[in-house]
Amino acid sequence: MSDQDQAPPADGPAEDKPAPAPGPKPAADADAAGTGAPDGAEPAPEAPNPFATAGRNPIGSAGGTGGAGTAHAARRTFAPRQAERVVNFGDDGQYFHGNYFINQFGAGHGPAVLDGPVPAEELRRLTGVYCESPGYARMRARLRECGLLVLCGERGSGRQATALALLSELTDDQVTRLDPSQAVHTFTRDMLKEEHGHLLELPSDELHREGGRSANAEGREAARGPGRLTELHLDRFSRLLLAAKAYGVVLVESGDLADRLLRGRYGMHCRPPRTEDVLHRHLRILLRSEPQEALDSCRELARREDVQGALGLDELRPREAAGLADLLARHRCGELGEDELLDGCATFVRAQARSWFAGADRPGTIPEASPALNAAAFRIAVAVFNGSPYALAAEAAEQLAWEMSVTLDPEQPVGRRLFGSHAEDRPALARSVVEDAELDLGDAQIPVRAIRFQGEALATAVLREVWHGYHNVRGPVVRWLRTLCDDPRPQVWVRASVAAGVLCSWDWVHGAGELIAPMAALDSPVQQMSAATALAEASRDPSVRPAVGALLKEWAQADDEALATTALLTHGYGMAAGSVRASLDALAKAVRSGDVTALSNAAFSVTRLLAGAEPATVVARLGDWLRGGRRELADLVLLSTLGTLTTRTTYLWGLQETDELEAHARRPLLVALIATHRPLVRKLADLVRLTLETARSGEVALDALGRVLRQCADDPTQLDLVCGFLPLITEKRRDRDRVRHLLARLVRDEDDPLDKDAARLMWDAVAEGAM
């Protein structure tokens with residue numbers, strides 16, 4: 001080993017000038033400088049140098065569209081890629097489960113009686129299967145004290161069963177239903193039965209009047225009296241009930257009215273009992289003639305992974321649990337096969353989506369329909385932003401509600417309620433929860449309040465119901481998604497573009513024309529990247545992939561630079577062309593024209609493919625391009641290699657899972673590949689060494705390598721990796737000199753000196769290259 005290979009002095013080597021890169025400068029570099037202009041002619045404008053900005057912009061020409069937070073936004077709970085059971089309902093819109101059925105209004109028994117006594121047999125049947133809701137004892141005490149109770153909750157949460165159980169217990173099964181069209185303030189003493197229980201369920205259209213009324217609606221209500229239910233009305237109703245020694249329960253669906261009444265003396269929230277308890281009660285009745293092992297077997301079957309996957313819900317509501325019990329019992333008795341059981345389980349989530357959107361714009365005018373439209377928009381927004389910060393989903397919902405409102409009634413001014421449903425209560429409208437989470441911004445993690453559905457299947461079910469069930473809703477949804485796809489925040493445009501891709505896969509002709517093409521044609525880096533993401537997502541469907549590939553070929557040959565750019569960015573996902581190899585072929589073809597913009601975009605896509613599922617395929621192709629001897633392909637290799645040095649792994653997210661890179665998300669892609677793909681280390685070292693040696697890329701590459709060394713110096717794991725890599729790129733004397741001078745410059749940096757202990761380890765690693 002020579003003297004120059006010994007350890008450096010404490011302050012680094014005496015000389016800090018980098019060694020010149022070997023080899024003559026290619027003739028093409030001289031041509032690019034304009035030296036070939038003929039005498040007397042005006043010099044041609046200097047061509048932009050793609051290497052000049054390679055170290056500053058880690059995502060090609062796509063602006064900020066691949067930056068901090070995109071990886072986290074792409075890792076969503078909304079997973080349309082998973083196989084989904086699509087079950088056809090019966091001709092009348094119902095899917096029957098023995099004594100239970102699911103229709104477009106939800107799961108349960110037959111339609112409720114509007115007015116009249118509750119049959120004794122129904123109350124007896126309820127006694128056998130009812131599971132007490134949390135807080136049942138307090139509800140009973142409140143009812144005894146006031147004679148009146150207001151139960152608030154979602155449909156299917158067990159409100160009605162709890163009300164009937166309470167009234168039945170206190171009145172010895174003397175319970176009657178009141179006409180729901182009758183306003184609370186209109187009841188009189190003679191309309192109530194002595195020592196009876198009275199159940200009144202406020203219909204949804206009554207609740208919607210809380211959101212605002214037109215002049216005609218106000219006129220109609222004037223004849224009936226006030227339409228806004230208040231504590232004063234309840235006080236009066238309570239006195240009437242106490243005078244008759246009777247009891248009453250009013251059912252109110254979650255929303256503004258429920259939020260207000262819960263703060264009064266009569267309101268209580270009805271939370272559903274545990275699914276396991278309800279299921280056990282119903283199975284015990286259904287299998288009463290079977291041995292105990294039949295009950296245990298059914299309960300075990302309910303926990304089976306494929307059954308839970310078909311259900312797609314975290315917790316079943318009481319009506320759904322009853323329906324599942326019926327399915328399990330029929331399967332146990334041989335009436336249903338495995339596929340029929342799973343198909344039946346899949347109907348619950350679809351029934352929930354149907355009940356949410358059936359007639360959601362009634363009565364068809366603003367502002368009467370506004371509350372229902374707001375709820376529908378919120379559910380769609382949660383489907384797109386499932387697992388995202390609540391504030392993003394809520395704001396997106398407001399934008400969609402506006403689009404829907406102006407579509408429904410274009411001449412009616414639309415505004416926003418400032419103090420509508422509280423953020424703690426609104427998630428219940430979408431069967432969702434808000435919980436503490438962390439948002440990964442690439443360089444940091446921040447705490448957020450995130451909203452998510454209580455079931456993985458709900459997001460897909462909501463979008464499918466809206467997209468396939470209501471054609472007129474497509475217009476506002478498309479305009480809304482296109483607006484979101486122009487939002488510079490990755491947490492917004494990534495989610496919107498993924499949802500757009502899913503919708504396009506369900507209807508390619510409509511989606512490609514209305515969603516993707518308008519975005520791809522705009523001179524907006526964010527929208528072009530959004531269009532590329534949507535195309536890649538749509539290509540997950542094998543039946544759609546050929547259409548996506550054909551469109552990309554058409555755009556690649558188009559004179560429109562925006563379309564050509566979108567096509568190049570799409571190939572960075574390695575999916576739309578059918579394979580990573582096909583995408584690499586398309587990228588190589590695109591750069592042969594010598595266009596610098598195409599070269600930068602293609603290099604960005606190649607770097608993204610290196611961070612994908614098949615880095616070995618990409619590395620092998622880079623070697624083939626170098627051996628081919630074409631200047632433009634060599635530049636593509638150099639720029640792509642620079643990308644591995646300058647870009648953190650989290651910025652190069654894709655739509656395919658690369659779990660092995662997860663632990664290295666904040667590290668440069670080169671370091672992540674070294675750590676996770678050991679067989680590729682030697683080939684990667686050859687690419688890095690070539691990039692350092694080449695005149696047109698060497699200076700930028702050396703600066704990028706310096707930044708990598710700085711980052712690795714503070715992380716023992718990265719330091720070990722880079723120390724193992726340095727000998728492979730410094731086997732030649734001039735390569736060692738180049739890296740030594742770089743280390744010396746970093747150590748002597750007055751503003752941010754490199755840690756000397758880390759520098760010494762790197763110096764020793766460089767010295768190993770001579771051995």
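The environment of CD in E699 is sparse: at most 12 heavy-atom neighbours from other residues, nucleotides or ligands sit within 6.0 Å. Environment of CG in D752: crowded, with over 12 heavy atoms of neighbouring residues, nucleotides or ligands closer than 6.0 Å.
One N or O on the side chain of N386 and one on the backbone of F453 form a donor-acceptor pair closer than 3.5 Å. For T533 (side chain) and V498 (main-chain N/O), no donor-acceptor pair under 3.5 Å exists by modelled atom type. No donor-acceptor pair closer than 3.5 Å links the side chain of R608 to the backbone N or O of G574. Between the side chain of R621 and the backbone N or O of V580, no donor-acceptor pair lies under 3.5 Å. Judged purely by atom type and a 3.5 angstrom limit, S505 uses its side chain to pair as donor or acceptor with the backbone of V502. No side-chain donor-acceptor contact under 3.5 Å links R540 to the backbone of A536. Remark: the backbone N or O of P427 is paired with a side-chain donor or acceptor of S432 at under 3.5 angstrom. Not one N or O on the side chain of R449 forms a donor-acceptor pair closer than 3.5 Å with the backbone of P389. No donor-acceptor pair closer than 3.5 Å links the side chain of T694 to the backbone N or O of T691. Side-chain N or O atoms of T649 include one that pairs as donor or acceptor with a backbone N or O of R667 at under 3.5 Å.
Under the 4.5 Å side-chain criterion, counting only non-hydrogen atoms from C-beta, L639 is not in contact with F604.
Here D737 pairs with R733 in a salt bridge; the nearest charged N to carboxylate O distance falls below 4.0 Å.
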Carefully, step by step, assess S524 and D486 under the rule side chain to side chain donor-acceptor pair (under 3.5 Å).
CA-CA 8 Å; S524 165; D486 199 27; 3.1 Å; yes

